[in-house]
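In what follows, a structure is listed as structure tokens, so that the remarks can point back to it.
In what follows, residues are counted from 1 in the order of the sequence shown. Side-chain atoms are counted along with the backbone in the values below, which use heavy atoms only and exclude waters and symmetry mates.
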Amino acid sequence: FPVTIIKPMTTPARAVFEKLYAEMGLTTNDAAWLVFLSGWNGALERVSSQLRDNFATPFGADTVDSFAAYVKGISE
């Protein structure tokens, strides 16, 4: 039987990780990936909360909620 290797879907976090660490031989199977994702998701959560807290007045709550939901949605 021929074996087909399926490459995982490239996500924003995976693309950044590979750009930063692929030359060092690190892959998403390494522990570094989990540490990276923790920081990635934490940063997205922070941006989401900052959007809601600080930008509702100039842009309106609905618009800010949409941006915050989008930013939070690219977490992994």
Side-chain angles (χ1 to χ4, degrees):
F1 295 100
V3 175
T4 303
I5 298 174
I6 300 172
K7 187 176 180 181
M9 181 179 78
T10 300
T11 62
R14 188 178 303 267
V16 171
F17 179 83
E18 288 175 357
K19 182 178 178 183
L20 292 173
Y21 300 110
E23 68 183 34
M24 295 188 326
L26 296 176
T27 69
T28 54
N29 293 328
D30 294 313
W33 172 243
L34 299 176
V35 173
F36 181 83
L37 276 183
S38 175
W40 176 268
N41 290 337
L44 292 174
E45 184 66 38
R46 176 86 171 147
V47 168
S48 178
S49 67
Q50 288 293 314
L51 280 170
R52 285 196 176 103
D53 295 345
N54 298 319
F55 292 97
T57 302
F59 296 105
D62 289 344
T63 302
V64 171
D65 284 343
S66 295
F67 280 120
Y70 171 77
V71 167
K72 198 169 183 181
I74 59 175
S75 66
E76 293 191 27

Would you check if D65 and R52 make a side-chain contact, meaning some heavy-atom pair closer than 4.5 Å? yes
Parallel under 30°, tilted from 30 to 60°, perpendicular over 60°: which one fits the rings of W33 and F36? parallel
Hey, quick one: are W40 and V35 part of the same hydrophobic cluster, counting side-chain heavy atoms closer than 4.5 Å, chains of contacts allowed?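 Different clusters.
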Report the distance from atom OG1 of T63 to atom CG of L51, rounding to the nearest 0.5 Å. 11.5 Å
Atom of [X], atom of [Y] and distance for their closest heavy-atom approach:
| X | Y | result |
| --- | --- | --- |
| R14 | E76 | N-OE2, 3.9 Å |
| N41 | S75 | OD1-CB, 3.1 Å |
| A68 | S48 | O-OG, 3.4 Å |

Under 3.5 Å, side chain of S66 to main-chain N/O of D62, donor-acceptor pair present? yes
Test side-chain contact (heavy atoms from CB on, under 4.5 Å) applied to F17 and T27, D30, L26, the passing residue: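 Among T27, D30, L26, the one that satisfies the side-chain contact (heavy atoms from CB on, under 4.5 Å) with F17 is L26.
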